Amino acid sequence: METGLVPTDDLSVMYTLDDAANFWQVFGRNTDYVVDPEETMADNFSYAILYGTEGREYPTPEIIQAIDAMLREAPWKNP
């Protein structure tokens, strides 16, 4: 058994942890659940909704700020 990262667009490829030197920069450290990118995003989204950008200290606040900005600029707000 080997630990690795598999991109969702090509399941025949596996990257070693050494190949993913920027893993924590991409995923951030706001959540410990980094097994599934959708779940990681769901955690960050829920933090943005529940706590906002100022409601708590985030190890990677840029992710929460980006989610907040996208929600504020949402097309359904300005039809």
Side-chain angles (χ1 to χ4, degrees):
M1 177 142 344
E2 186 176 343
T3 300
L5 301 168
V6 178
T8 57
D9 61 346
D10 187 355
L11 301 179
S12 67
V13 176
M14 185 174 85
Y15 296 100
T16 67
L17 297 179
D18 291 335
D19 293 334
N22 67 340
F23 179 82
W24 292 112
Q25 291 170 323
V26 172
F27 270 83
R29 294 197 177 264
N30 295 336
T31 178
D32 291 329
Y33 191 86
V34 294
V35 174
D36 183 325
E38 290 176 353
E39 294 294 331
T40 302
M41 188 63 210
D43 278 353
N44 280 294
F45 180 80
S46 68
Y47 298 154
I49 296 297
L50 293 173
Y51 308 113
T53 56
E54 305 296 324
R56 100 197 276 199
E57 281 196 36
Y58 300 103
T60 313
E62 303 83 25
I63 295 172
I64 305 302
Q65 291 164 352
I67 292 169
D68 183 68
M70 289 175 71
L71 290 172
R72 291 180 188 280
E73 297 170 8
W76 60 81
K77 290 182 69 177
N78 301 312

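This one's a predicted model, so the numbers in the text were calculated from it and none came from an experiment. What's counted below: heavy atoms across the whole structure, side chains too, no hydrogens, waters or symmetry copies.
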Open item on the list: Going by the rule side chain to side chain donor-acceptor pair (under 3.5 Å), which residues pair with D10 if we only count those two or more places apart in sequence or in a different chain?
Closed with: S12

Open item on the list: With rounding to the nearest 0.5 angstrom, report the CD1 to CD distance, I64 to E57.
Closed with: 13.0 Å

Task: Approximate separation, where rounding is to 0.5 Å, of T31 OG1 and M41 CE - done: 11.5 Å

TODO: Could I get the full list of side chain to side chain donor-acceptor pair (under 3.5 Å) partners for T8, not counting sequence neighbours?
DONE: none

Task: Those residues that, when tested against N22, pass side chain to side chain donor-acceptor pair (under 3.5 Å) (two or more places apart) - done: none

TODO: Could you identify which residues cluster with V6, counting Ile, Leu, Val, Met, Phe, Trp and Tyr as linked when any side-chain heavy atoms lie under 4.5 Å apart, either directly or through a chain of such contacts?
DONE: L11, M14

Open item on the list: Can you give me the closest heavy-atom contact between T60 and G28, atom names plus distance?
Closed with: OG1-CA, 3.4 Å

Task: With T40 via side chain to side chain donor-acceptor pair (under 3.5 Å) - residues at least two apart - done: none

Open item on the list: So W24 and V34, do their side chains get closer than 4.5 Å, heavy atoms only?
Closed with: yes

- [ ] Sort and list the pairs that fulfil side-chain hydrogen bond (donor to acceptor under 3.5 Å, both in side chains) and have at least one residue in residues 61-70, not counting sequence neighbours.
- [x] D68-R72

Task: Test item: I49 and L71 side chains (from C-beta on) under 4.5 Å apart, heavy atoms - done: yes

TODO: Sequence neighbours left out, what passes side-chain contact (heavy atoms from CB on, under 4.5 Å) with D19? Give chain and number order.
DONE: Y15, T16

Task: Qualifying ring pair (Phe, Tyr, Trp, His ring centres under 6.0 Å) pairs, either residue in residues 25-74, two or more places apart - done: F23-F27

